[in-house]
Amino acid sequence: MTANKFLFERDFRNPDSNAKNAAALQAAEERGLQRGRAEGRMQAQAEAESHLTNAVKRLADAATSMLAGIDAHHASLEEEAIAFGTTLGRKLAGAALAGRALETIAATARTSFQHLRGVPHLVVRVNEALVEQVDGLIHRIARERGYEGRLVVMGEPGIAPGDARIEWADGGVIRDQNQIEDAVTRALEGVVFY
């Protein structure tokens, strides 16, 4: 058996061969270095893209959260504006109606009497403190509108000044400030402010 020497592919007897081997080794090292750099760049680019994707996602989540907060605040401001407007309107309307209770009853009676000429009997219910004033007013409006039936004005403590109920055998008309305000509030609930 003969022993072979392991010379790491170097021929120590031929220096040109060593230079070739060194050049090949240097070229291999250069290729390895280039490949390593390329892989490093690709890995760095992948990491940068991953960080960028995560940052964009966090930014989108933060923007969504902020917009939801703004929308909630906007909705809250709308509700407050409606509540304030309704409360202010009630206060102003209440003050105005308190001084003009007879006018609102008269307007209700005028509208009703023009359609009730053939009804034989009407009862008008108003606040008990206004019975005497309303009685004369209602009879005068009935004559003006051509109503010739029997007309009775009655006072009730549960009816607010300015409100009235005009009743006949098969129906009636109610003028109730609270119902009017509730209808206005319901109508305003669908309004969008911008």
**Asked** Quick one: are Asn127 and Asp163 in side-chain contact, heavy atoms under 4.5 Å?
**Response** no
**Request:** Look only at the side chain of Thr53 and the backbone of Glu49, and say whether a donor-acceptor pair between them is shorter than 3.5 Å.
**Result:** yes
**Asked** For Ile166 and Ala109, which heavy atoms make the closest approach, and how far apart are they?
**Response** CD1-CA, 3.9 Å
**Request:** Please determine, by modelled atom types, if Gln43 and Glu39 share a side-chain donor-acceptor pair under 3.5 angstrom.
**Result:** no
**Request:** Identify whether Ile159 and Val131 are in the same connected component of the hydrophobic contact network (ILVMFWY, side-chain heavy atoms under 4.5 Å).
**Result:** no
**Message:** Show the nearest heavy-atom pair for residues Ala106 and Leu137, with the distance to one decimal.
**Reply:** CB-CD2, 3.8 Å
**Asked** Distance from Ile138 atom CD1 to Ile105 atom CD1, nearest 0.5 Å?
**Response** 7.0 Å
**Request:** Enter the distance from Arg58:CZ to Asp61:CG here, rounded to the nearest 0.5 Å.
**Result:** 9.5 Å
**From CZ (Arg145) to CZ (Arg140), nearest 0.5 Å** = 11.0 Å
**Item:** Glu148, CD atom: more than 12 neighbouring heavy atoms under 6.0 Å
**Value:** no
**Asked** So how far is it from His121 NE2 to Leu151 CG, rounded to the nearest 0.5 Å?
**Response** 8.5 Å
**Asked** Do the side chain of Tyr147 and the main chain of Ile141 share a donor and acceptor less than 3.5 angstrom apart?
**Response** no
**Message:** If we count only N and O atoms by modelled type, under 3.5 Å, do the side chains of Gln26 and Glu30 hold a donor and an acceptor together?
**Reply:** no
**Rounded distance [0.5 Å steps], OG1 in Thr64 versus CG in Leu59** = 9.5 Å
**Message:** Hydrophobic clusters here meaning ILVMFWY residues chained together by side-chain heavy-atom distances under 4.5 Å, can you tell me if Val153 and Val173 are in one?
**Reply:** yes
**Item:** Straight-line distance of Thr104 OG1 to Arg175 CZ, nearest 0.5 Å
**Value:** 4.5 Å
**Item:** Other residues, nucleotides, ligands: >12 heavy atoms within 6.0 Å of Glu132 CD
**Value:** no
**Asked** Are Val123 and Val119 connected, step by step, through hydrophobic side chains (Ile, Leu, Val, Met, Phe, Trp, Tyr) whose heavy atoms are closer than 4.5 Å?
**Response** no
